[in-house]
Number of protein chains: 2
Amino acid sequence: MALEHAILVSLLEQPGSGYELAHRFDRSIGRFWTATHQQIYRVLARMGTDGWITAEQVGQYGRPDKRRWSVTGTGHAVLTDWLREEVQPEAVRHELAVKVRGAAFTDRAGRVALLVEVARYRADHEAVLARYLAGERRDFPGGVPGDDRAALQHVVLRGGIAYERMVLAWLDDVLATLRGLDH
Amino acid sequence: MALEHAILVSLLEQPGSGYELAHRFDRSIGRFWTATHQQIYRVLARMGTDGWITAEQVGQYGRPDKRRWSVTGTGHAVLTDWLREEVQPEAVRHELAVKVRGAAFTDRAGRVALLVEVARYRADHEAVLARYLAGERRDFPGGVPGDDRAALQHVVLRGGIAYERMVLAWLDDVLATLRGLDH
DNA sequence: TCCTGCTATGCAACGAGTTGCACAACAAGG
DNA sequence: CCTTGTTGTGCAACTCGTTGCATAGCAGGA
């Protein structure tokens, strides 16, 4: 498992509260590793008792106190060790691929419904791609490589962009195939 | 959750035992929906008691009997209903993307180790692509569309091929980026 | 002969992940 | 004033998924 490690990376990039982490997981990191806030709070508590991270109470004006977590030396060492381990094959869950194959076992109306749904799904991915591209223009203007950290963040973002472009092209292929059935 | 539905699709395409399903999940479907044999047996048992599938005992020469499962009318109806539901966003878990961002927080030796690991990982994906392409040549020669089922299986396979090609190109980008750090 | 590997099914225990709910204070708009 | 939304933390219950182990017969190579 690697939610702990994703959290370590995120906290090294920028210390923050569980709430903030949950939002980052909805935005940048989350596109490569999803997690809900409940999961994050539970894992943060365990990492805290294991001494990987420490919290600092931060009072705020007009809103609840938060606990800003940052990575300890132990946590940093844990991350370093993990980086040296074998990369596990991705656990892929492409529900849509299963549905497309399932479309062979439904009637014409069902296939039309799937077509509509695929079009909606495509629009979602188009929006994600637009967000990535906007983020790229904002954070990496001119393609100038800054420091190592920026270069690595950028290559991960380029991966996200390539993924979304690939998905969009494939969804067009799926739409054409669904339209071409029993014409 | 959709392991049940992936199993329904697989059994509609071809009835078979839990053992056979586990192997299919390692080959074709499994690239889009992973599952271990223990998980499959448990879900098959539940689907059986729910009346979605029925088993037929098949004696074999020189090896244990197996239970060939096939989909009932109820199961078919369950699948049809599921196909009409909204497609959930994919749950992505790209461990490698997390590691690449984590590489900013390790030393030179750690980054070299990651580089070697990425190269190994790339070779795995190259092998998967080769297997997909071989499967495409075998099952869909000449690009001639057969029946609906074949057309849908083919478009899913094309998705797998596009995914692997995208991953390979991105891994080259990652390798170049890692090599370019602190030159 | 022994060991490894394949076909075939399954239990038990644990850890990961999801869903639903709760509390608390403030801000902003209708 | 009331509702909705945001920031912030967390428990409890449940399901899903993984890991380790067990059984059993046969095939094939060292």
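Excluded from the calculations below are hydrogen atoms, water molecules and symmetry mates; all remaining heavy atoms, backbone and side chain alike, are included. Chain identifiers are assigned alphabetically (A, B, ...) following the order of the sequence lines, protein sequences preceding nucleic acid strands; residue numbering begins at 1 within each chain.
Atom-to-atom, CD1 of A:Ile40 to P of D:dG8 comes out at 14 Å; the value is rounded to the nearest Å. A:Met47 places its CE atom 15 Å from the P atom of D:dT9, with the value rounded to the nearest Å. The interatomic distance linking A:Arg24 (CZ) with D:dG8 (P) rounds to 12 Å, in whole Å. For the pair A:Leu21 CG and D:dG10 P, the computed distance is 13 Å after rounding to whole Å. Regarding B:Gln57, its CD atom lies at a distance of 11 Å from the C1' atom of C:dA8, rounded to whole Å. As a whole-Å value, the separation of B:Leu44 CG from C:dG10 P is 9 Å. B:Lys66 places its NZ atom 17 Å from the P atom of C:dC6, with the value rounded to the nearest Å. One atom, CZ of A:Arg67, and another, C1' of C:dA24, lie 16 Å apart when rounded to the nearest Å.
Proximity of A:Thr34 to the phosphate of C:dG17: no side-chain N or O atom is located under 4.0 Å from OP1 or OP2. Side-chain N/O atoms of B:Arg46 include one lying less than 4.0 angstrom from OP1 or OP2 on D:dC16. Using a 4.0 Å cut-off, some side-chain N or O of B:Tyr41 falls inside it from OP1 or OP2 of C:dT9. Taking side-chain N and O atoms only, A:Ser17 has no distance below 4.0 Å to OP1 or OP2 of D:dT7. Distances shown here put every side-chain N or O of A:Tyr19 at or beyond 4.0 Å from the OP1 or OP2 atom of D:dT9.
Grouping Ile, Leu, Val, Met, Phe, Trp and Tyr residues whose side-chain heavy atoms lie under 4.5 Å apart, directly or via other members, places A:Tyr41 in a hydrophobic cluster with A:Tyr19. B:Val116 forms part of no hydrophobic cluster, judged by ILVMFWY side-chain heavy-atom separations under 4.5 Å.
When each of C:dA8, D:dG8, C:dT7 is scored by its nearest atom to the side-chain atoms of B:His23, the top-ranked nucleotide is C:dT7. Of the candidates D:dG17, C:dT7, C:dG17, the closest approach to any side-chain atom of B:Arg93 belongs to C:dG17.
The side chain to side chain donor-acceptor pair (under 3.5 Å) test applied to B:Thr34 returns A:Arg93, not counting sequence neighbours. Partners of B:Tyr132 by side-chain contact (heavy atoms from CB on, under 4.5 Å), not counting sequence neighbours, listed by chain and number: B:Arg31, B:Phe32, B:Val128, B:Leu157, B:Ile161, B:Glu164.
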Atom pairs under 3.5 Å: protein N/O with N/O of nucleotides 19-23 of chain D:
unit_1 : atom_1 : unit_2  : atom_2 : d
D:dG20 : O6     : B:Gln38 : NE2    : 3.3

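Between B:Arg158 and B:Glu136 there is no salt bridge, since none of the side-chain N atoms of the basic residue sits less than 4.0 Å from a carboxylate O of the acidic one.
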Contacts table for residues 70-80 of chain A: side-chain donor-acceptor under 3.5 angstrom, sequence neighbours left out:
unit_1  : atom_1 : unit_2   : atom_2 : d
A:Thr72 : OG1    : A:Gly51  : O      : 2.6
A:Thr72 : OG1    : A:Trp52  : O      : 2.9
A:Thr72 : OG1    : A:Thr74  : N      : 3.4
A:Thr72 : OG1    : A:Gly75  : N      : 3.1
A:His76 : NE2    : B:Phe105 : O      : 2.6
A:Thr80 : OG1    : A:His76  : O      : 2.9

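Using modelled atom types, one finds no donor on one side chain facing an acceptor on the other under 3.5 Å when comparing B:Glu126 with B:Tyr121.
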